[in-house]
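Written below as structure tokens is the structure these notes are about.
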Amino acid sequence: MSSWGVEFPLKVNSVQRDLMSETDQELSKVLVAQFLKKHGYLDSLASYLKESGVSLRAANESIYEDLESIVKDRIRFNEHAIAEQMKTTSLNSDLDLVNIEKYGIPAWNHKLSWDEVIGSYSKTRSLIIKTRFLTNGVIGNSTVGKEFIVSGIKEEDSVTIMHSMKKSGIVKYFGSISDSLYYTGTIDGKVTVSKINEEYSWSFDLPVRALLALELIKLENDKILCFYCTMNNTLNVHLFDLSTSSLTKIDEFKLLSACTTFQLAISSDGCPIIFLTRQDFTQVMILKFQNGKIKHVSNIALNTAQFSTHSFNISDMVILSFDSTEGNTNLGVKKITPSSVLAVATSHTPYMRIIVTKIPSLDTKGPDSTSQLKTQPVSEELNILDDYSSKDVVIPSMARQPDIITHYDMILINIATDIPQDSYTQPILKVSYPLGGLIVGADAGLYAVDLQKSETWQLTYRTGQRVKSMDCYKDFISVSFADREWVIWKLK
């Protein structure tokens, strides 16, 4: 009797605990479903009902106490401590609602899945040092073997090589300048402008020993503006005429130190805008090309201290505009809109910082500031220098420019990330508009950045592999890794 008296109650209690655990779980599911329905999270509710197995009828029942009341009773005597603890769950504070609405910054889209495009995953013969989309469905790859490969993505989401060409040097710079033209540039200044679907091309040599940055803009009347930085710390502008194959120097701007990052854009009045960062300089320089002259408009300070011994470099930057149909593409030169912001990745160690800033007014003051340039959509050709084909070379003026304004109040978000890096890391910063945030290519793989929540986390695709190059266009993401792998993902 004693053994039955001891063992039987224990077995009953064990069964009761299992039953209670199952009841708790099922009731918790129902309470969560009711919470989602009550607050109008209908998309989340639809996904939740499918995954949890809760019926819609149970979600509509009102016989249970709601989830908020249960939580409120549970934390009633410890609410302050829990509120303080919740503040430590994130390294950063969320972006305020005013700026979210003003700049149209969305939250990260967690619904999209990454599917590998057929034929893109491969071990290439030579390391791909740069991958970039040239137009819709066409992507270019440059290798250390001095090869430039143009590939196409078919409707069935498969990749085929359109053509491959051997260059005299390693192609470090290339990109799209129109729907049918793209350019390539080697480190020693050999630039080629080619048609995507044809073998015809134009070539010219820039008068440099080594390039640090290069971007081109297509103008009207078969003219191309060429902006580039060199090892002798100058920003140069040349004009190339496709009809005559002539190269003309327009202007140059002396820098105090080497250029680290370079981003070209178009202002609302149709003038080229250069966002440039220098070595050991914690400010972004904004320069405007207007009336044949490079004018230093202003600086954006990335720290609030006007004098600081703690210097860092800018590793990469990108212009993004979520709330504009003109600005939210990844091809060609971006057009600055009222919703445009600038995101930069810093060289902070052991963890990177990502700083997002507002873009100040790009108006220039001076006797010729009323002279406006013809403005057209970025996708079309721009009419900036129609009259330069008949003018002589313009020698840079040594006249003193007006005082440069440095803006210390432009920072929107200063995100402390958990992306590890050292002094040799070369991170890549890109924006994915379908995902609604930034993607960072780093030493340990790919990372996501939710700008609205100021959060970063590692993506589960090729974890641990160092990213060599990356580009995003619409719902495609192309990544080359340091182990010679190349993958294109499509977001679905």
Side-chain angles (χ1 to χ4, degrees), residues 130-142 147-153 160-186 189-206 211 213-228 236-248 250 262-266 270-274 289 319 326-327 329-335 373-386 388-389 469 471-474 476 478:
K130 186 165 185 176
T131 180
R132 191 171 182 181
F133 287 93
L134 302 178
T135 185
N136 190 22
V138 179
I139 187 169
N141 289 324
S142 173
E147 193 175 16
F148 186 75
I149 305 168
V150 178
S151 303
I153 304 175
T160 58
I161 295 178
M162 297 171 61
H163 54 265
S164 175
M165 60 199 79
K166 198 77 172 180
K167 297 287 187 177
S168 59
I170 296 176
V171 176
K172 190 175 180 181
Y173 313 100
F174 64 91
S176 171
I177 52 178
S178 72
D179 292 337
S180 59
L181 291 176
Y182 69 93
Y183 70 91
T184 61
T186 59
K190 291 181 174 59
V191 181
T192 302
V193 178
S194 307
K195 292 187 176 182
I196 292 178
N197 297 321
E198 301 177 21
E199 295 183 359
Y200 190 80
S201 62
W202 300 262
S203 298
F204 58 93
D205 293 337
L206 295 173
L211 287 175
L214 172 69
E215 286 207 43
L216 274 62
I217 295 180
K218 180 73 164 56
L219 311 178
E220 289 185 348
N221 301 327
D222 290 333
K223 296 180 179 66
I224 293 176
L225 267 182
C226 180
F227 295 84
Y228 63 96
N236 301 269
V237 185
H238 278 68
L239 181 72
F240 181 73
D241 194 328
L242 295 175
S243 59
T244 61
S245 296
S246 60
L247 183 67
T248 306
I250 303 300
F262 182 93
Q263 189 74 216
L264 193 60
I266 298 294
C271 294
I273 301 295
I274 302 101
F289 183 71
I319 299 169
E326 293 183 348
T329 60
N330 298 79
L331 287 176
V333 179
K334 308 295 185 299
K335 184 173 182 179
L373 298 174
K374 184 178 178 182
T375 304
Q376 294 185 12
V378 178
S379 59
E380 299 179 8
E381 296 174 342
L382 301 171
N383 183 13
I384 300 176
L385 290 173
D386 290 6
Y388 269 96
S389 59
S469 182
D471 196 22
C472 301
Y473 177 63
K474 293 185 177 179
F476 288 101
S478 175

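Position 1 is the first residue of the sequence, and the numbers go up from there. Heavy-atom basis, side chains included; hydrogens, waters and symmetry copies ignored.
With S178 contributing its side chain and L181 its backbone, the two residues share a donor-acceptor pair below 3.5 Å. Looking only at distances, a side-chain donor or acceptor of Y173 sits under 3.5 Å from a matching main-chain atom of L211. Here the side chain of S469 pairs a donor or acceptor atom with the backbone of T131 at under 3.5 angstrom.
Contact detail for K172 and K130: the closest heavy-atom pair is O-CD, 3.3 Å. Heavy atoms only, all atoms of each residue included: R132 and G175 are closest at NH1-CA, 3.8 Å. Between G140 and L134 the shortest heavy-atom distance is N-CG, 3.9 Å. Residue L214 comes nearest to G185 through the heavy atom pair CD2-CA, 4.0 Å, listed as atom of the first residue, atom of the second, then distance. Heavy-atom minimum distance, F262 versus A213: CB-CB, 3.5 Å. Closest of all the heavy-atom pairs between E215 and Q263 is OE2-CA, 4.0 Å.
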Please determine whether side chain to side chain contact (heavy atoms under 4.5 Å, CB included) holds for the pair L239 and K223, giving the CA-CA distance in whole Å, both sets of side-chain angles, and the decisive distance to 0.1 Å. CA-CA 7 Å; L239 181 72; K223 296 180 179 66; 4.0 Å; yes
Side chain to side chain contact (heavy atoms under 4.5 Å, CB included), that's the test. Do I139 and D471 meet it? Break it down for me. CA-CA 9 Å; I139 187 169; D471 196 22; 5.9 Å; no
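Between the CG atom in L225 and the NE2 atom in H238 there is a gap of 11.5 Å [rounded to 0.5 Å]. In this structure, CD1 on I153 lies 5.0 Å from CZ on F133, to the nearest 0.5 angstrom. Taking CD1 from I217 and OH from Y183, the interatomic distance works out to 9.5 Å, rounded to the nearest 0.5 Å. Going from atom CG of D179 over to atom CD1 of I196 covers 8.0 Å, rounded to the nearest 0.5 Å. Here the OG1 atom belonging to T186 is positioned 9.5 Å from the CD1 atom belonging to I170, to the nearest 0.5 angstrom. Here E147 contributes atom CD and K167 contributes atom NZ; the two are 11.5 Å apart, rounded to the nearest 0.5 Å.
The residue from V150, T192, I177, V193 that alone fulfils the side chain to side chain contact (heavy atoms under 4.5 Å, CB included) condition with Y182 is V150. Considering L247, L242, L219 in turn, L242 is the only one that fulfils the side chain to side chain contact (heavy atoms under 4.5 Å, CB included) rule with I224. Test Y228, W202, F204, F227 against F240 for ring pair (Phe, Tyr, Trp, His ring centres under 6.0 Å) and you get one pass: F204.
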